[in-house]
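Just so you know, residue 1 is the first one in the sequence shown, and it goes up from there. Owing to the predicted nature of the structure, the values given are computational and were not obtained by experimental measurement.
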Amino acid sequence: MKRQKRDRFQRAYVHGYKAGITGRSRDDCPSQDVNLREYWMSGWREGRGDHWAGMTGVSGLHKNPMVM
């Protein structure tokens with residue numbers, strides 16, 4: 001049970017979402033791996049959309065990517 005880790009792609013998506021919701025640039029993607037970058041960018045896009053829709057703070061609590 002100790003060795004069980006979260007999926008790398010899920011982690012990349014969550015980190016991308018957090019970057020997008022806080023308004024960071026998409027150039028901040030840390031990965032050069034094509035597959036991880038794709039998941040990070042999809043999370044970033046969704047986070048940016050939620051940022052523009054005003055889903056930050058308490059209003060975005062139901063949109064927490066860790067719950068998905």
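To the nearest 0.5 Å, atom OG of residue S31 and atom CZ of residue R11 are 11.0 Å apart.
Residues that satisfy the side chain to side chain contact (heavy atoms under 4.5 Å, CB included) test with D7, not counting sequence neighbours, are F9, Q10. For R24, the salt bridge (Lys or Arg N to Asp or Glu O under 4.0 Å) partners two or more places apart in sequence, or in a different chain, are D28. Every residue was checked against the salt bridge (Lys or Arg N to Asp or Glu O under 4.0 Å) condition with R26, not counting sequence neighbours, and none meets it.
W40 belongs to a hydrophobic cluster whose other members, connected by ILVMFWY side-chain contacts under 4.5 Å either directly or through intermediates, are M41, W44.
Using a 4.0 Å cut-off between charged nitrogen and carboxylate oxygen, D50 and R45 do not count as a salt-bridge pair.
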Checklist entry - Hey, mind stepping through R48 and T22 against side chain to side chain contact (heavy atoms under 4.5 Å, CB included) and telling me if it holds? => result CA-CA 8 Å; R48 271 318 260 177; T22 57; over 6 Å; no
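When every heavy atom of R8 is checked against every heavy atom of L36, the shortest pair comes out as NH2-CD1, 3.1 Å.
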